[in-house]
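Step one of this worksheet: look at the structure below.
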Amino acid sequence: MYFFNIGTPLGIIRVWYDDQGLQFLYFYEGEKGRKVPPFLSGGEYKIWPSLYQALKDYFYGGREIDFQGFPLNLDRYTPFTREVLTFAQKHIPYRRVTSYGSLAKALGRGKAARAAGRALASNPLPVIIPCHRIVKAEGLLGGYSQGRDIKRELLKIEKVKFNLVGRVNNEVFISW
DNA sequence: TCACGGTCCAACG
DNA sequence: CGTTGGACCGTGA
């Protein structure tokens with residue numbers, strides 16, 4: 001396993017990967033004492049240049065960066081969870097959002113909204129798998145495993161606007 | 001099995 | 001509008 005760090009306005013990010021693809025991304029320092037998962041240690045420091053550049057552009061460049069092309073290693077997940085995660089990576093572009101229910105529907109499981117939320121809650125690759133772009137059906141923010149503040153900030157970076165009642169405008173909303 | 005979510009929506013007031 | 005209660009479904013223990 002390899003890893004590298006990169007500073008962002010939201011704290012230091014650490015990314016883990018191997019020859020199969022990306023495995024983990026987490027906020028390493030910053031936000032109230034979040035810890036390094038203990039199962040990750042002893043990796044070899046090695047930058048993945050294109051990914052490094054993409055992250056840098058995303059956080060500092062204010063440019064439309066998508067991570068859709070980067071390979072993921074999601075072997076340890078169940079098929080449904082994998083589907084949810086890969087679908088999110090491939091079909092929810094920059095500055096667009098959708099809901100848990102809509103995403104479930106797109107996978108042919110119209111009623112599995114909560115299950116989809118559960119799958120996203122175990123997203124090992126926030127930012128790269130853009131689970132911050134999935135909000136509640138009525139456009140309210142919804143939850144986020146890294147903390148709702150981070151979710152808000154990420155959407156802010158992408159210039160997704162919320163109205164006074166706290167809902168995203170439906171221009172950016174995708175429904176399947 | 002079972003309890004638990006990053007939910008949803010119809011039915012209120 | 002805002003709130004509430006029940007239905008829903010894949011997971012991990």
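The sequence lines fix the lettering, A, B, ..., with proteins before strands; numbering per chain opens at 1. Just so it is clear, the model here is predicted, and its values are computed rather than measured. Every heavy atom of this structure was used, including side-chain atoms; hydrogens, water molecules and symmetry mates were not.
- Nucleic acid contact for A:A121: base, since at least one base atom lies under 4.0 Å from a heavy atom of the residue.
- When rounded to the nearest whole Å, the span between CZ of A:R148 and P of B:dG5 equals 15 Å.
- Base pairing of B:dG6: no nucleotide in any strand meets the Watson-Crick or G-U wobble criterion (both distances under 3.5 Å).
- Base-pair partner of C:dC8: not found among the strands shown (Watson-Crick or G-U wobble, both distances under 3.5 Å).
- A salt bridge links A:D66 with A:R133: the distance from a Lys NZ or Arg NE/NH1/NH2 to an Asp or Glu carboxylate oxygen falls below 4.0 Å.
- In this model, a side-chain donor or acceptor of A:Y100 finds a partner on the base of B:dG6 within 3.5 Å.
- Heavy atoms from other residues, nucleotides or ligands lying under 6.0 Å from CZ of A:R76 number more than 12.
- Residues A:F24 and A:L125 come closest through the heavy atom pair C-CD2, 3.4 Å.
- In this structure, A:K136 places its NZ atom 14 Å from P of B:dG5, rounding to the nearest Å.
- The phosphate of B:dT7 has neither OP1 nor OP2 within less than 4.0 Å of any side-chain N or O from A:S99.
- A side-chain N or O of A:Q23 and one of A:D18 form a donor-acceptor pair less than 3.5 Å apart.
- B:dT7 atom C1' lies 14 Å from atom CG of A:L141, rounded to whole Å.
- Taking the six-membered ring where the residue is Trp, the centroids of A:Y17 and A:W48 are separated by under 6.0 Å.
- Using a 4.0 Å heavy-atom cutoff across all strands shown, A:I134 reaches at least one base atom of the nucleic acid.
- For the pair A:W176 CH2 and B:dC8 P, the interatomic distance rounds to 13 Å; values are reported in whole Å.
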inquiry  = Please encode protein proximity along nucleotides 1-13 of chain C as a string of B, S and -, counting only heavy-atom distances under 4.0 Å.
reply    = ------BBBBSS-
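- No option in A:N123, A:L72, A:L74, A:V84 other than A:L72 meets the side chain to side chain contact (heavy atoms under 4.5 Å, CB included) test with A:Q89.
- Residue A:G142 is out of contact with every strand shown, counting any heavy-atom pair closer than 4.0 Å.
- If you run side-chain hydrogen bond (donor to acceptor under 3.5 Å, both in side chains) between A:H132 and each of A:Q146, A:E158, A:K151, A:R152, only A:E158 comes through.
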